[in-house]
Amino acid sequence: MVFILDQRCNLNCIHCSSAASRGGDPGFDTASALRVVDELAEAGVLDVAFSGGEPLLRRDLPQLIRAARAHGMSVGTSTNGWPLTEAKAATLRDAGLSRLQVSLDGDARTHDRIRGAGSFVRAVRAIRRSRAAGLRTHVCFTAMRSNADQLETVIEIALGAGAHGFNLSQFVPTGRGSEAEDLDGTASRTLLEAWMRARRAHPDAYFALHSAGLVDLDPALGAQFGGCQAGLSIACIDSRGNVLPCVMFPLALGNLHAQPLREIWRESPVLQALRARELGGTCGGCPHRRSCGGCRAAAWARTGDFLASDPRCWRHDGTGCAPSPFAA
């Protein structure tokens, strides 16, 4: 479960799905955030990722981490790197943080264009500080039209700085994200093939991805990573208490201020449709409908229909006929 605590951030990144900023929605105060943590535990949530905004700007973050850990949950959080001092890294470790994810979106020039001058140096420094504090450290790369070709470069930078693992986050045009940055089918396939090459080149590193289309390139990997997990194994709570199918999918299923999470998770007709894979278009007739499902957030963002064809699937746009070199 991703829990978006607020929408306050020291940066103004061009692709932010929360449209966070310095004056963003203050979201949950400490007491209300702790009540949500209790509700997550009551609903049987096993893992929570505190997000924002920039969650490391919150003074109560260690308290929230300790509360979630007391309920037996594993806990992650994310950062752009700027607020992570050595002292803060040690505080997060002592609070019981399970993993810290640092965002890195290209080489120095590209990353700073996306996130602001000086951000690259801060992000790489944060990776090193996180590792030095003994924290499990992951790097997240959000692939867009203007930076997708740098995936392998970012992986090398991340692993060179000591990151334990790598998460490929596929861009969805929501929040401040422009549709002009979305990938087409050919670019999406090229990106996933680069990710698969890197994964095989670094067998000791952790590579995370719940990707539409992966099963088409490598059936074994597709089964391992499970395709689109929106509303199946993941969900999101936004800064106003809305429950969403995933962090990139701003379709409110219900609100925690009016309805218990357990009830929303069990009774939402949107979630029932997502779980049944009642899809339309090319996705509905695809042999990978159940093992892949397309990206439901991308379908929603581009068409307004969360059951429509994934608009960036190479099978959908006719560019994916050639067999994958990774297929068994």
Side-chain angles (χ1 to χ4, degrees), residues 1-13 16-43 45-104 115 119 122-123 125-140 163-165 167 169 234-244 247 256 261:
M1 176 70 71
V2 176
F3 182 7
I4 298 176
L5 297 167
D6 58 44
Q7 292 181 321
R8 293 178 296 190
C9 187
N10 58 307
L11 300 182
N12 197 49
C13 306
C16 180
S17 61
S18 295
S21 65
R22 291 183 184 275
D25 178 15
F28 292 84
D29 61 22
T30 302
S32 58
L34 288 170
R35 286 194 293 271
V36 172
V37 170
D38 290 341
E39 187 167 355
L40 295 179
E42 291 169 5
V45 172
L46 300 176
D47 180 272
V48 60
F50 292 116
S51 186
E54 171 51 61
L56 266 61
L57 294 178
R58 292 185 62 115
R59 294 181 180 178
D60 61 358
L61 183 60
Q63 183 180 356
L64 300 179
I65 293 169
R66 286 193 294 270
R69 292 291 287 171
H71 283 299
M73 286 183 270
S74 58
V75 185
T77 195
S78 56
T79 182
N80 58 44
W82 282 81
L84 190 72
T85 62
E86 292 177 359
K88 187 164 291 187
T91 298
L92 294 173
R93 177 201 63 212
D94 294 344
L97 186 69
S98 307
R99 65 191 181 279
L100 179 66
Q101 179 171 276
V102 182
S103 296
L104 191 62
R115 293 181 174 267
S119 296
R122 297 288 185 129
R125 184 184 300 166
I127 297 168
R128 295 188 173 123
R129 283 179 173 168
S130 178
R131 275 299 311 263
L135 287 167
R136 178 80 184 177
T137 307
H138 294 173
V139 164
C140 180
H164 294 96
N167 178 43
S169 175
I234 62 172
C236 174
I237 298 167
D238 73 13
S239 61
R240 297 184 178 180
N242 294 311
V243 179
L244 316 175
V247 69
L256 295 186
L261 175 61

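- Contacts of T91 classified as side-chain contact (heavy atoms from CB on, under 4.5 Å), with partners at least two apart in sequence or in another chain: P62.
- A 4.5 Å side-chain heavy-atom check between L92 and L84 finds at least one atom pair inside the cut-off.
- Defined by atom type and a distance below 3.5 Å, a donor-acceptor pair is present between the side-chain atoms of T137 and S130.
- Scanning for side chain to side chain donor-acceptor pair (under 3.5 Å) contacts around S17 gives an empty result, with sequence neighbours left out.
- To the nearest 0.5 angstrom, N80 atom CG is 4.0 Å from L11 atom CG.
- Separating the CG atom in L100 from the NE2 atom in H164 is a distance of 11.5 Å, to the nearest 0.5 Å.
- For R93, there are no side chain to side chain donor-acceptor pair (under 3.5 Å) partners at least two apart in sequence or on another chain.
- Looking only at side-chain heavy atoms (C-beta outward), L34 and L64 come within less than 4.5 Å of each other.
- Checking V247, I4, L40, V48 one by one against I237, the side-chain contact (heavy atoms from CB on, under 4.5 Å) holds for a single residue, L40.
- Scanning for side-chain contact (heavy atoms from CB on, under 4.5 Å) contacts around A41 gives H71, M73, with sequence neighbours left out.
- Listed by chain and number, the residues in a side-chain contact (heavy atoms from CB on, under 4.5 Å) with L57 are N10, E54, P83 (sequence neighbours excluded).
- Closest heavy-atom contact between V139 and A163: CG2-CB, 3.9 Å.
- With S18 contributing its side chain and A20 its backbone, the two residues share no donor-acceptor pair below 3.5 Å.
- Of all heavy-atom pairs spanning S103 and R115, the tightest one is CB-NH2, 3.2 Å.
- Taking the six-membered ring where the residue is Trp, F28 and F3 present perpendicular rings, their angle passing 60° and hence far from 30°.
- For residues 17-40, every residue pair satisfying the salt bridge (charged side-chain N to carboxylate O under 4.0 Å, His left out) rule, not counting sequence neighbours, is listed here: D25-R240.
- Partners of R99 by salt bridge (charged side-chain N to carboxylate O under 4.0 Å, His left out), not counting sequence neighbours, listed by chain and number: D47.
- Looking at residues two or more places apart in sequence or on another chain, you find no salt bridge (charged side-chain N to carboxylate O under 4.0 Å, His left out) involving D94.
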Subject >> Pair V243-L256, side chain to side chain contact (heavy atoms under 4.5 Å, CB included): steps then yes or no >> reply: CA-CA 7 Å; V243 179; L256 295 186; 3.8 Å; yes
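- At distances below 3.5 Å, not a single donor-acceptor pair connects side-chain atoms of Q101 with backbone N or O atoms of H138.
- Pairs engaging residues 56-81 under the salt bridge (charged side-chain N to carboxylate O under 4.0 Å, His left out) rule: D6-R58, R58-D60 [sequence neighbours left out].
- Shown here are the side chain to side chain donor-acceptor pair (under 3.5 Å) partners of S51, two or more places apart in sequence or in another chain: there are none.
- Not counting sequence neighbours, L46 has no partner by the side-chain contact (heavy atoms from CB on, under 4.5 Å) test.
- Here the side chains of Q7 and S21 are not in contact, with every heavy-atom distance at 4.5 Å or above.
- Distance check, rounded to the nearest 0.5 Å: CG of L56 to OG1 of T77 gives 6.0 Å.
- The side chain to side chain donor-acceptor pair (under 3.5 Å) test applied to N12 returns R176, not counting sequence neighbours.
- Between the NZ atom of K88 and the CG atom of L61 there is a distance of 8.5 Å, given to the nearest 0.5 Å.
- S78 places none of its side-chain heavy atoms less than 4.5 Å from the side chain of C140.
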Subject >> Intermediate values then yes/no, side chain to side chain contact (heavy atoms under 4.5 Å, CB included), R122 and R125 >> reply: CA-CA 5 Å; R122 297 288 185 129; R125 184 184 300 166; 4.0 Å; yes
